[in-house]
Each structure stands twice: as structure tokens, then as C-alpha cells.
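Only one structure is covered here, and it is reproduced in the block below.
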Amino acid sequence: MIGKVKTGKSFAGCIHYNLEREEATILHAEGIRTDSIQHIIRDFNMQRKMNPELGQAVGHIVLSWSVQDKEKLSPEAMADHAKEYLQKMKIADTQLLVVQHHDREHPHIHIVYNRVNNDAKTISDQYQRKRNAEVCKQLTLKYNYHMAQGKAQVNRARLTGADRIKYQLYDAIKETSAQAKTWIELANLLTRHGIELHYKYKGGTAEVQGISFSKDGLKLKGSEIDRSLSYGKLNQVLTNNLMSSQKQGSNIGNLTTLNKEPVKKTYLKPPQVTNYLKPKNTDKPLLESLLTITPNDYPNIMKEEKKKKRKHQGLSL
């Protein structure tokens, strides 16, 4: 069982879409008349006028099950699941309509509800996508419905809106993280897919607490896209890639430690690293030395150069 959560402005458009087809069946309704499409639209709009400042008053949810669950799902069972789902989603005391469609091989229903509840208060849509995933998983396990094995089974061609972008992020991050050895490499590879990488820092420090990705105006945490794309798990993937590269003799310069948190709040800066190979008693020119050391070594190099200069001046005298 999976759910898709949407909000919109027009009850007329949503109701026409859901009911103006031969394969549509009303399974359940609350707070509205169901004798005609016009009455349904009028009833929804009458209640939304109690809170006219709420533009996105239309709640629209699609619940779908696997084809393998078809024999288990009667219209009554789907209506009951819709009620239980709404209760767990904290959508209550409002008008709603549950419609079954028969135009696809897999069982699915549409739930239309008014985000202006019976007391003229707004039903929040905050964190709905995250809660939706949790509730669908709970009900799937509770009723022993088929659970798809990972995102690889999802039909990308059928996805739209935020779901389409979410799976584009998933596919691109999975592909690029298999190639990258550092966070800077991963960020650069993702830009080719039109994806930007963002770090979340612990307040006032350079310690990374999490990571998110954005594409086409949608920004999601890595763990919201998939649990395997959290900061910690991605960092482990990059570390493993780097270690594998080391074993194969790849040239990684003077870097002797693995991936650490970035020190700047931008993915264009390299991750923080330590333990560079520091030159000892080098006779190289100052510029060449500075290119091979860390900023912490600058004071020592400058002292050495000043000593050489004073010694040279003494000999000249």
C-alpha cells in the first residue's frame, strides 16, 4: 500500500476529475450530499468559505495497493482502510469523499477532503508526506499486504509532480555516489543532473548533522528520499569508494585520511581533512612549498624564509 498526498485550490476540478468517468464508484462520504456532482462541489465550497484566507483548501490523497492484493480488497475493506488512514494522518472532523477507480489493474482509491474543518480551522499539511509513508507502511504490515522490494520496482513513467522529482533524486544520487570518492566529487556529479547538495550544520560549528538535495524547486532530506541516502550512510559509501581506490593504487595526492565534514557551508568547498605530509627542512621555493602544505604550516615556513634572508644579508655585509 502506498499513498500520494496533494493539495489544490479547486474542488470543482478535483471532483470532476474523480467522478466524471464510468469506472468511478463512491465508497464513502461525510458532510456532503452525493446525489450529484454539482451538490458535492457546492457543499465543499460552502464550508471552505468559513476560512476564505486558505487558498489551498483541497486535500487529495490516492491510496494504491499491489495487484497481488486485489483478491483481499473489497469496496468495504478499502473504505475502512481509508477511514483508518485518515485517522492516523490526523485528518478528522471535516468533509470527505472516498472514490474507487477501476481504470488500472491495481486497486486504488481517491480521497478528497476539505482542509477547512467543521470548526472553520485549517487542517495542517505540514509533514504530511513523511507521515503518509509511515502510515502506509503500518497498514501494509498490519493487514499483511504486499510490500514492493525497494524503489527499483516503482514505475517511473507513471509518476508526476513531487513524486517524479523524488525518484529522479533517488536514481541520480544512487548512480553518482557509486562513482564518487569524496563529497566534492559527489556534488560536482550531481550538478550534471541539475541537483544541488546542501549540508545541515550543528549550530555555530562546522559539524555536519545532515544533508539534503534540491531539484526543480523541491528540497528533500536525504533520509526522506530513502534511508540509504542519509548523511551517515552516504559518507560511508564515499569512504568505501576511496578505500577501494587506494587499494587499487589510485593517485589521491597527499591525502592520508578519509571523508570528513566540510568546513564551509557550501558543497563547492572540499571536505575537512587532516594529516597532510608536511615538508621538513625543505629547500623548495616558498610558493612551491605553500602549494603542498596546510595553512597551519604557513607560520613555520615564513620563519624559515626570514632566517634565510637574515643569514644572506649578514654574508653580504
Side-chain angles (χ1 to χ4, degrees), residues 5 124-134 137 150-151 161-246 250 252-278 290-300:
V5 180
S124 174
D125 62 348
Q126 193 173 24
Y127 308 119
Q128 268 199 338
R129 286 191 175 87
K130 181 178 180 181
R131 189 181 296 124
N132 165 69
E134 294 172 351
K137 184 176 181 180
K151 291 182 170 58
D163 290 315
R164 177 180 59 82
I165 298 174
K166 179 178 179 179
Y167 278 84
Q168 288 176 349
L169 288 169
Y170 173 82
D171 292 337
I173 297 167
K174 279 293 188 181
E175 176 188 339
T176 54
S177 63
Q179 305 171 31
K181 298 183 288 295
T182 64
W183 283 103
I184 190 69
E185 286 185 27
L186 177 62
N188 289 335
L189 289 171
L190 287 173
T191 58
R192 302 176 187 178
H193 296 268
I195 298 171
E196 188 173 355
L197 184 155
H198 309 269
Y199 297 108
K200 179 184 178 182
Y201 291 82
K202 186 176 182 180
T205 72
E207 179 184 350
V208 176
Q209 288 187 316
I211 198 165
S212 59
F213 304 86
S214 61
K215 178 180 172 66
D216 297 341
L218 179 67
K219 184 177 180 181
L220 294 172
K221 295 178 182 178
S223 57
E224 289 178 333
I225 300 170
D226 192 78
R227 291 183 179 180
S228 65
L229 302 183
S230 67
Y231 172 73
K233 291 184 178 180
L234 274 177
N235 196 63
Q236 187 60 53
V237 170
L238 299 180
T239 297
N240 292 341
N241 292 347
L242 184 57
M243 292 178 67
S244 177
S245 178
Q246 284 180 301
S250 298
I252 58 171
N254 291 327
L255 185 63
T256 61
T257 59
L258 303 179
N259 288 288
K260 302 290 183 181
E261 296 85 356
V263 296
K264 299 287 186 178
K265 295 188 178 182
T266 168
Y267 71 89
L268 295 177
K269 297 294 183 182
Q272 177 180 332
V273 294
T274 56
N275 298 334
Y276 278 84
L277 299 177
K278 301 177 182 179
L290 291 177
L291 291 175
T292 60
I293 62 174
T294 65
N296 293 332
D297 294 312
Y298 294 168
N300 295 330

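Counting non-hydrogen atoms of neighbouring residues, nucleotides and ligands closer than 6.0 angstrom, the CZ atom of R164 exceeds 12 such neighbours.
Checked by atom type and distance alone, the side chain of E224 never pairs as donor or acceptor with a backbone atom of L220 at under 3.5 Å. Checking side-chain atoms of K174 against main-chain N and O of S228 turns up no donor-acceptor pair under 3.5 Å. Under a 3.5 Å cut-off, the side chain of S244 and the backbone N or O of N240 do not form any donor-acceptor pair.
One finds the CD1 atom of I173 at 4.0 Å from the CZ atom of F213 (value rounded to the nearest 0.5 Å). In this structure, CD1 in I195 is found 10.0 Å from CD1 in I165, a value given to the nearest 0.5 Å. Considering CG of L186 and CD of Q179, their distance stands at 9.5 Å, rounded to 0.5 Å. For the atom pair L229 CG and R227 CZ, the distance stands at 12.5 Å (nearest 0.5 Å). In this structure, the separation between CG on L189 and OG on S177 is 9.5 Å, given to the nearest 0.5 Å. A distance of 4.0 Å separates CG of L197 from CD1 of I211, quoted to the nearest 0.5 Å.
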I would like to know whether S214 and H198 meet side-chain contact (heavy atoms from CB on, under 4.5 Å); could you show each step before the answer?
CA-CA 8 Å; S214 61; H198 309 269; 2.7 Å; yes

Begin with the C-alpha distance, continue with both residues' side-chain angles, and end with the deciding distance and a verdict on side-chain contact (heavy atoms from CB on, under 4.5 Å) for H193 and E175.
CA-CA 11 Å; H193 296 268; E175 176 188 339; 3.9 Å; yes

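For L238 against A180, the heavy-atom pair with the smallest separation is CD2-O, 3.5 Å. L169 and K215 get closest at one heavy-atom pair: CD2-CB, 3.9 Å.
Scanning for side-chain hydrogen bond (donor to acceptor under 3.5 Å, both in side chains) contacts around K221 gives an empty result, with sequence neighbours left out. Legend: residues meeting salt bridge (charged side-chain N to carboxylate O under 4.0 Å, His left out) with D125, ordered by chain and number and at least two apart, are R115.
Between Y231 and W183, the ring-plane angle classifies as parallel under the 30° and 60° cut-offs.
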